[in-house]
Number of protein chains: 2
Amino acid sequence: MSQQRHGSTSGNGDRAGAVPAFPDLPEATIARLPEYLRALHNLGEGGADTISSEGLAAAAGVNSAKLRKDLSHLGSYGTRGVGYDVALLIEQIEYVLGLDQRRAVGLVGVGNLGHALAGYDGFASRGFKIVALFDADPAKVGERIHGLVVRHIDELPAVAAEETLAIGVIATPAGAAQAVADELVAAGVTSILNFAPCVLSVPANVDVRKVDLAIELQILSFHEHRKASLTALPGGRSATGAGNQEAVGS
Amino acid sequence: MSQQRHGSTSGNGDRAGAVPAFPDLPEATIARLPEYLRALHNLGEGGADTISSEGLAAAAGVNSAKLRKDLSHLGSYGTRGVGYDVALLIEQIEYVLGLDQRRAVGLVGVGNLGHALAGYDGFASRGFKIVALFDADPAKVGERIHGLVVRHIDELPAVAAEETLAIGVIATPAGAAQAVADELVAAGVTSILNFAPCVLSVPANVDVRKVDLAIELQILSFHEHRKASLTALPGGRSATGAGNQEAVGS
DNA sequence: CGCGATTTGTGCACGCCTTCACAAGCGCCT
DNA sequence: AGGCGCTTGTGAAGGCGTGCACAAATCGCG
């Protein structure tokens with residue numbers, strides 16, 4: 001690949017300035033990078049110095065050709081005949097994903113789900129820190145959850161002024177989500193993770209990702225339905241080769 | 001479309017038998033059906049009898065052409081010049097997704113996240129019922145959560161024998177997930193929703209969907225990183241037209 | 001009864017993503 | 001030093017999904 005991203009081939013050292021001019025990565029690739037990163041961390045802890053595309057692909061649950069193409073978009077960080085340097089590749093992916101910078105997360109809605117998210121280990125362990133909790137219910141304001149005090153949603157602007165919130169997480173009921181999103185945007189948040197089952201309308205420069213737990217179940221329900229109808233049909237073998245998938249992508 | 005799925009045009013009545021022989025729907029379409037369904041329910045409660053593809057598309061946050069193509073895969077349930085009959089379309093989508101049958105869900109891992117999932121309204125309100133909670137930690141066994149008693153994971157086979165579990169939800173730490181998946185499969189579960197950050201290996205006839213909350217944050221982090229590098233670049237206007245996306249492939 | 005307004009259903013073209021297959025490159029062993 | 005085996009990086013092909021643009025169909029009104 002002729003794409004030489006940031007000067008030195010040493011692989012690091014000049015990270016500071018905003019040099020990137022990103023080789024605009026395919027969205028599908030970006031969605032897989034975190035998976036590769038997790039697999040690499042596991043392998044690294046297992047004592048591996050290098051890993052082949054085949055090995056890493058297996059650990060990440062993807063095709064090895066796809067993995068190589070994905071990584072090739074980042075640059076040439078592998079060695080032919082050997083494989084990828086685990087530590088170097090971790091560093092590269094973390095750089096591309098912007099994980100070398102601590103990103104502050106604000107969570108709105110401390111209900112059932114929000115409560116769990118506030119204490120979810122997976123966030124902290126991967127470089128995200130929830131720095132503020134908000135809720136509209138006065139009964140919840142003041143409550144202490146996993147070391148953080150719940151503040152009223154109206155305090156959002158004040159908190160955002162103090163510490164820049166990189167990402168806002170919405171865990172409110174659907175009815176309140178749009179209003180919360182508007183407030184987050186007004187407070188300067190440009191990335192939102194939405195757990196509320198509704199469509200959010202935001203300016204073009206704001207990124208929204210939606211996670212709807214019930215939708216996942218409904219998709220599984222469809223496949224159950226399909227499998228059931230297959231086995232009940234003539235020649236209905238027990239759905240061998242039904243083609244299960246292993247990702248969410250979206 | 002010449003696809004006449006189940007005899008009567010009345011819209012229901014002969015649902016019982018496994019007639020389907022599914023017009024194998026594109027996976028992308030399936031993933032969007034639940035979103036359409038939610039939008040339809042909202043519209044129905046709003047008192048709408050019919051809805052145009054344009055209107056429904058807006059409510060679901062998609063392109064109207066895409067919506068029409070998606071729905072055309074189910075059959076012709078719209079009326080030209082008028083739109084779609086809300087009630088009929090709800091019924092059709094629910095049928096395709098297999099939501100006309102109550103599906104029992106078993107949840108394994110009653111930690112932070114599992115606890116929240118056990119009480120998540122979104123499941124019950126869309127036809128899913130969590131019928132059993134499991135955990136490996138003896139300290140948690142016996143605990144009562146949202147009306148259900150936590151049982152030890154070893155009891156899974158016994159419970160599955162009593163009531164068929166359609167879907168298994170894994171909310172354990174990554175280390176335990178594969179073992180739990182194996183036990184679920186052994187108990188006859190053929191659909192798994194995995195919240196643990198790891199790749200599961202299962203037989204071909206078992207469907208796995210993965211939801212990794214940290215991955216979503218990392219994807220957002222990438223876009224934050226990209227946007228930041230753009231604004232720091234010459235001609236760096238505030239990222240207008242950055243192209244945000246609105247779904248997760250989930 | 002016919003006409004125009006409206007909306008669905010879909011053929012088609014385009015672009016993205018995946019997958020295959022292989023040349024290029026690297027290290028090791030003799 | 002040379003050759004051999006292994007692995008990466010990538011050109012090319014195929015498939016899938018999206019979006020446009022329009023013909024077909026339906027309703028309501030004059």
Side-chain angles (χ1 to χ4, degrees), chain A residues 1-5 9 11 23-33 35-36 40 48-86 88-89 92 243 245-250, chain B residues 1-5 9 23-33 35-36 40 43 48-86 88-89 92 243 245-250:
Chain A
M1 126 135 358
S2 56
Q3 183 70 256
Q4 187 71 15
R5 191 147 40 68
T9 19
D24 56 312
L25 302 174
E27 195 61 32
T29 295
I30 296 162
R32 282 187 294 264
L33 288 181
E35 197 74 40
Y36 301 157
L40 282 166
D49 284 339
T50 63
I51 181 70
S52 70
S53 65
E54 202 76 40
L56 181 53
V62 301
N63 184 298
S64 70
K66 179 153 42 178
L67 179 127
R68 285 200 300 277
K69 182 144 290 191
D70 282 342
L71 295 186
S72 77
H73 287 131
L74 309 185
S76 274
Y77 294 111
T79 307
R80 291 164 197 251
V82 178
Y84 297 91
D85 181 291
V86 173
L88 175 59
L89 197 49
Q92 284 305 323
Q245 91 289 21
E246 193 94 349
V248 57
S250 53
Chain B
M1 141 107 30
S2 55
Q3 183 71 255
Q4 186 71 14
R5 191 145 41 65
T9 20
D24 57 308
L25 302 173
E27 194 62 32
T29 295
I30 297 161
R32 282 187 294 265
L33 288 182
E35 197 73 42
Y36 302 156
L40 283 166
L43 290 165
D49 284 340
T50 63
I51 181 70
S52 70
S53 66
E54 202 77 39
L56 181 52
V62 301
N63 185 300
S64 70
K66 180 154 40 179
L67 178 128
R68 285 199 301 275
K69 184 149 292 188
D70 282 342
L71 294 186
S72 78
H73 287 133
L74 308 186
S76 276
Y77 294 111
T79 306
R80 294 168 195 245
V82 178
Y84 297 92
D85 182 291
V86 173
L88 175 60
L89 197 50
Q92 284 306 320
Q245 91 289 24
E246 193 93 351
V248 57
S250 34

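Numbered from 1 within each chain, the chains take letters A, B, ... in sequence-line order. Computed from a predicted model, the values in this text were never measured in an experiment.
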Please give, in whole Å, the distance from [N] [atom2] to [X] [atom1]?
{"X": "B:Glu54", "N": "D:dG19", "atom1": "CD", "atom2": "P", "result": "13 Å"}
{"X": "B:Ile30", "N": "D:dC16", "atom1": "CD1", "atom2": "P", "result": "13 Å"}
{"X": "B:Tyr84", "N": "D:dA25", "atom1": "OH", "atom2": "C1'", "result": "13 Å"}
{"X": "A:Leu56", "N": "D:dT8", "atom1": "CG", "atom2": "C1'", "result": "13 Å"}
{"X": "A:Leu89", "N": "D:dT8", "atom1": "CG", "atom2": "P", "result": "11 Å"}
{"X": "A:Ile51", "N": "D:dT7", "atom1": "CD1", "atom2": "C1'", "result": "12 Å"}

Self-check item: Letter per nucleotide, 5' to 3', of nucleotides 24-30 of chain C [B base touched, S only sugar-phosphate touched, - untouched; heavy atoms, 4.0 Å]
Solution: BBBS---
Self-check item: Letter per nucleotide, 5' to 3', of nucleotides 13-22 of chain C [B base touched, S only sugar-phosphate touched, - untouched; heavy atoms, 4.0 Å]
Solution: ----SBBBB-
Exercise. Side-chain contact test, heavy atoms from C-beta onward, threshold under 4.5 Å: evaluate it for B:Tyr36 versus B:Leu89 and give yes or no.
Key: no
Self-check item: Side-chain N or O of B:Tyr77 closer than 4.0 Å to phosphate OP1/OP2 of C:dT7
Solution: no
Practice problem: Establish, with yes or no, whether the OP1 or OP2 oxygen of D:dT7 is under 4.0 angstrom from a side-chain nitrogen or oxygen of A:Ser52. | Solution: no
How far apart are the closest heavy atoms of [X] and [Y], and which atoms are they?
{"X": "A:Tyr77", "Y": "A:Tyr84", "value": "O-CD2, 3.7 Å"}
{"X": "B:Val86", "Y": "B:Leu40", "value": "CG1-O, 3.8 Å"}
{"X": "A:Thr50", "Y": "A:Asp85", "value": "CG2-CA, 4.3 Å"}

Self-check item: Spacing of CG belonging to A:Leu33 relative to CG belonging to A:Leu25, to within rounding of 0.5 Å
Solution: 6.5 Å
Self-check item: Non-neighbouring partners of A:Thr29 that pass side chain to side chain donor-acceptor pair (under 3.5 Å), sequence neighbours left out
Solution: A:Asp70
Sequence neighbours excluded and cut-off under 3.5 Å, please list the side-chain donor-acceptor pairs for residues 56-68 of chain B, or say none.
residue: B:Asn63; atom: OD1; partner: B:Ala65; partner atom: N; Å: 2.6
residue: B:Arg68; atom: NH1; partner: B:Ser53; partner atom: OG; Å: 3.0

Protein N or O to nucleotides 28-30 of chain D N or O, pairs below 3.5 Å:
none

